[in-house]
Enquirer: 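Got a structure for you, written out below as structure tokens; questions coming shortly.
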Amino acid sequence: MKVLKFGGASVKDADSVKNVANILSLYRGEKIVAVISAMGKTTNALEKLLSAYYYSSGDIDEEFSKIKAYHIDIAKGLFTDSNHEIYSELENIFAFLKTKLLLPNSDNYDYEYDQIVSIGEIISSKILSAYLNSAGINNSWIDARAVIRTDHIYREARIDWTKTVELVKDSMQFNHEKIYVTQGFIGSTAEHITTTLGREGSDFSAAILAYSLNAEEVIIWKDVSGVLNADPKYFDNTIKLDQLSYHDAIELAYYGASVIHPKTIKPLQNKKIPLYVKSFTNPKIEGTIIRSDKTELAIPSFIFKMNQVLITIASRDFSFIAEQNLGDIFYKLSNLGVRINVMQNTALSFSISVDWNEKKIPELIKLLEKDYIIKYNTNLELVTIRNYDNETIERVTINKEILLEEKSRNTIQMVMRDIAIL
Ligand code: ASP
Ligand code: MG
């Protein structure tokens with residue numbers, strides 16, 4: 001059996017949903033689990049709705065209506081019969097959401113996030129499943145919350161692997177069914193409270209299901225032709241990587257390449273399940289295959305992270321930054337959920353580059369300032385080059401001032417800013 005994952009861009013309108021049906025029909029006769037993300041930019045829209053609800057920072061009705069209208073519109077492009085049961089299903093889901101929004105919120109933002117934002121995946125999978133059935137591609141809809149068992153860490157839930165494998169195997173037996181349609185990104189606790197696995201977590205869901213079912217392969221369908229050596233947003237002349245080892249894929253994802261969710265590879269690697277990244281607009285062309293392979297990635301790859309803050313932490317009394325301070329600093333970072341993108345230490349200071357976040361970073365700085373001397377610069381960019389050489393370094397540092405540089409045999413990371421041209 002194979003696991004096929006379709007991201008938001010692949011189901012962003014009625015034509016896209018039809019395209020997904022075409023892709024699935026290429027697999028006729030095979031056992032398939034289709035994992036679906038929320039449609040288009042629905043997750044962002046639901047986050048806005050949540051803010052309106054939780055922080056009263058917007059108009060709940062307006063955000064709600066936009067999301068509802070967007071989905072009804074897609075349904076209309078797929079189901080001409082206005083009595084089709086999908087319409088009453090959608091009405092029910094939106095009525096449920098509406099009721100939720102009328103209740104007072106709990107004081108746990110992350111909990112509310114998971115209850116509200118998870119709806120995007122429920123809706124998209126309902127629409128896709130119904131459309132496939134109407135197009136003669138028979139399938140069963142599976143509620144991922146009944147099979148992906150997690151702990152209670154809302155928005156970043158961790159998987160209970162033993163229980164999940166058991167539940168997935170139980171409910172996806174392929175006895176009468178060849179195709180199951182389910183959601184990415186969501187799961188639930190043992191008490192059946194909905195959780196989510198982190199933004200862009202649908203890739204990870206596909207890997208969890210593949211792991212549980214010992215899939216032959218996983219295919220992630222994207223709007224690019226495969227894994228590229230740099231993000232085309234920041235770089236001309238990108239090259240598609242035909243093959244990658246699990247190791248290189250993990251490294252690229254770790255440094256922030258937005259191709260695949262970082263947690264996706266490990267479960268696949270454990271079971272040696274190959275992962276294909278392919279284009280949903282060009283399903284016949286070969287994409288990238290990620291599999292166990294000793295060969296190292298020969299092509300330089302570039303990962304850009306914008307909006308970086310470089311924070312330099314020094315002790316107040318000119319003492320060394322040693323294990324004890326480092327332990328304390330890491331503890332504060334992890335408590336706030338701030339992830340280090342690159343770090344460097346000297347005798348008297350410790351520097352880190354982290355993603356800017358308007359809530360967490362000022363809080364972090366305030367906290368650190370109690371015990372340390374803090375200097376920081378915002379609006380920086382971090383470039384990571386895997387398999388660098390002098391030429392590639394020169395290429396990305398034109399007109400840049402480098403504030404921090406970390407080099408290993410394979411990888412260089414540079415935190416930099418534009419040189420002000422006077
Ligand atoms: N819909 C979720 C998000 O946009 C999960 C995903 O697409 O992977 O983050
Ligand atoms: Mg998405």
Side-chain angles (χ1 to χ4, degrees), residues 1-40 42-43 71 74-75 78 86 89 118 120-148 164 167-169 171-187 197 200-223 260-261 264 267-268 273-281 283 287:
M1 59 80 49
K2 296 175 179 165
V3 178
L4 273 57
K5 182 256 167 175
F6 296 93
S10 70
V11 286
K12 70 175 192 303
D13 52 29
D15 284 341
S16 308
V17 174
K18 290 179 185 171
N19 180 54
V20 167
N22 285 335
I23 291 176
L24 282 167
S25 64
L26 299 173
Y27 293 85
R28 211 170 271 282
E30 294 190 56
K31 294 176 182 160
I32 299 294
V33 175
V35 178
I36 319 300
S37 294
M39 295 178 147
T42 300
T43 304
H71 286 96
I74 292 179
L78 296 169
I86 188 69
E89 274 194 86
S118 57
E121 266 69 14
I122 299 293
I123 303 170
S124 65
S125 61
K126 284 277 183 191
I127 294 177
L128 180 76
S129 172
Y131 178 70
L132 292 176
N133 278 327
S134 76
I137 304 174
N138 293 341
N139 69 91
S140 284
W141 182 85
I142 299 264
D143 191 332
R145 295 168 298 187
V147 296
I148 308 276
T164 297
L167 292 168
V168 171
K169 279 188 174 153
S171 56
M172 297 184 180
Q173 296 197 351
F174 295 98
N175 287 334
H176 309 287
E177 227 27 281
K178 286 248 183 278
I179 301 180
Y180 293 104
V181 171
T182 192
Q183 310 81 41
F185 183 53
I186 69 175
L197 311 180
E200 309 302 327
S202 296
D203 295 348
F204 183 37
S205 301
I208 298 165
L209 295 167
Y211 176 94
S212 305
L213 294 165
N214 296 313
E216 290 156 57
E217 62 189 51
V218 174
I219 307 166
I220 293 183
W221 298 91
K222 295 195 65 100
D223 53 0
I260 357 173
H261 189 279
T264 309
L268 301 179
I273 301 168
L275 168 64
Y276 293 81
V277 179
K278 294 182 67 145
S279 155
F280 60 75
T281 50

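Everything numeric in this text was worked out from a predicted model, so none of it was measured.
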Enquirer: Would you give the length of the straight line joining atom CD1 of I32 to atom CZ of F174, rounded to the nearest 0.5 angstrom?
Expert: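 Reported value, rounded in 0.5 Å steps: 7.5 Å.
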Enquirer: What pairs with S129 under side chain to side chain donor-acceptor pair (under 3.5 Å), at least two apart in sequence or on another chain?
Expert: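 Partners of S129 under the side chain to side chain donor-acceptor pair (under 3.5 Å) test: N139.
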Enquirer: Could you walk me through whether L209 and Y180 pass side chain to side chain contact (heavy atoms under 4.5 Å, CB included), step by step?
Expert: CA-CA 11 Å; L209 295 167; Y180 293 104; over 6 Å; no
Enquirer: Who are the side chain to side chain donor-acceptor pair (under 3.5 Å) partners of E30, not counting sequence neighbours?
Expert: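 If we apply the side chain to side chain donor-acceptor pair (under 3.5 Å) test to E30, skipping adjacent residues, the hits are K2.
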Enquirer: Residues two or more places apart in sequence or in another chain: which of them pass side chain to side chain contact (heavy atoms under 4.5 Å, CB included) with K18?
Expert: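 So K18 forms a side chain to side chain contact (heavy atoms under 4.5 Å, CB included) with D15, L78, Y131.
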Enquirer: L128 and side chain to side chain contact (heavy atoms under 4.5 Å, CB included): which single residue from V20, I123, N133, I137 fits?
Expert: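 Passing option: V20.
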Enquirer: So, for S10 and F6, which heavy atoms are closest and what is the spacing to 0.1 Å?
Expert: OG-CB, 3.2 Å
Enquirer: Name all residues meeting the salt bridge (charged side-chain N to carboxylate O under 4.0 Å, His left out) criterion together with K31; count only those two or more places apart in sequence or in a different chain, and write none if there are none.
Expert: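 Residues passing salt bridge (charged side-chain N to carboxylate O under 4.0 Å, His left out) with K31: none at all.
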Enquirer: Working note: V218 + T264, criterion side chain to side chain contact (heavy atoms under 4.5 Å, CB included); need CA distance, chi angles, decisive distance, verdict.
Expert: CA-CA 10 Å; V218 174; T264 309; over 6 Å; no
Enquirer: Under the side chain to side chain donor-acceptor pair (under 3.5 Å) rule, collect the residues that match up with D143, sequence neighbours excluded.
Expert: R145
Enquirer: Which pair of non-hydrogen atoms, one from S140 and one from E177, has the smallest distance, and what is that distance?
Expert: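 Distance-wise, the nearest heavy atoms are OG-OE2, 2.9 Å.
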Enquirer: Check T164 against V147 and note the closest heavy-atom contact, atom names and distance.
Expert: CG2-O, 3.4 Å
Enquirer: To the nearest 0.5 angstrom, please state how far the CD1 atom of I142 sits from the OG atom of S125.
Expert: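 These two atoms lie 10.5 Å from each other.
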Enquirer: For residues 209-223, which residue pairs qualify under side chain to side chain donor-acceptor pair (under 3.5 Å), counting only residues two or more places apart or in two chains?
Expert: N214-K271
Enquirer: What is the minimum heavy-atom distance between A144 and I186, and which atoms define it?
Expert: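 Looking at all heavy atoms of both residues, the closest pair is CB-O, 3.8 Å.
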Enquirer: Please name all residues satisfying side chain to side chain donor-acceptor pair (under 3.5 Å) with S25, sequence neighbours left out, ordered by chain then number.
Expert: none
Enquirer: Considering all heavy atoms of both residues, which atom of S205 and which atom of L197 are nearest to each other, and what is their separation?
Expert: OG-CD1, 3.5 Å
Enquirer: Heavy atoms, side chains only, cut-off 4.5 Å: are S124 and T42 in contact?
Expert: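 Contact flag for S124/T42 side chains = no.
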Enquirer: For K5, which residues count as a side chain to side chain contact (heavy atoms under 4.5 Å, CB included) partner, sequence neighbours excluded?
Expert: V35, S37, S202, D203, A206, I220
Enquirer: Taking ring pair (Phe, Tyr, Trp, His ring centres under 6.0 Å) as the test, write out the residues that go with Y27, two or more places apart.
Expert: none
Enquirer: Who are the side chain to side chain contact (heavy atoms under 4.5 Å, CB included) partners of T281, not counting sequence neighbours?
Expert: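 Applying side chain to side chain contact (heavy atoms under 4.5 Å, CB included) to T281 gives S279.
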Enquirer: Hey, could you give me the CE/CD distance between M39 and E121, rounded to the nearest 0.5 Å?
Expert: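 M39 atom CE to E121 atom CD measures 10.5 Å (nearest 0.5 Å).
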Enquirer: Using 0.5 Å steps for rounding, measure from the CD1 atom of I86 to the NZ atom of K126.
Expert: 7.5 Å
Enquirer: Parallel, tilted or perpendicular, judged at 30° and 60°: which one describes the rings of H261 and F204?
Expert: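 If you compare the ring of H261 with that of F204, the planes turn out parallel.
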Enquirer: Once you round to the nearest 0.5 Å, how far does CG of L26 lie from CG of N22?
Expert: 7.5 Å
Enquirer: Just how far is it from atom CD1 of I23 to atom CG of L4, taken to the nearest 0.5 Å?
Expert: 8.0 Å
Enquirer: Heavy atoms only: give me the nearest A210-I273 pair and the separation to one decimal.
Expert: O-CD1, 3.5 Å
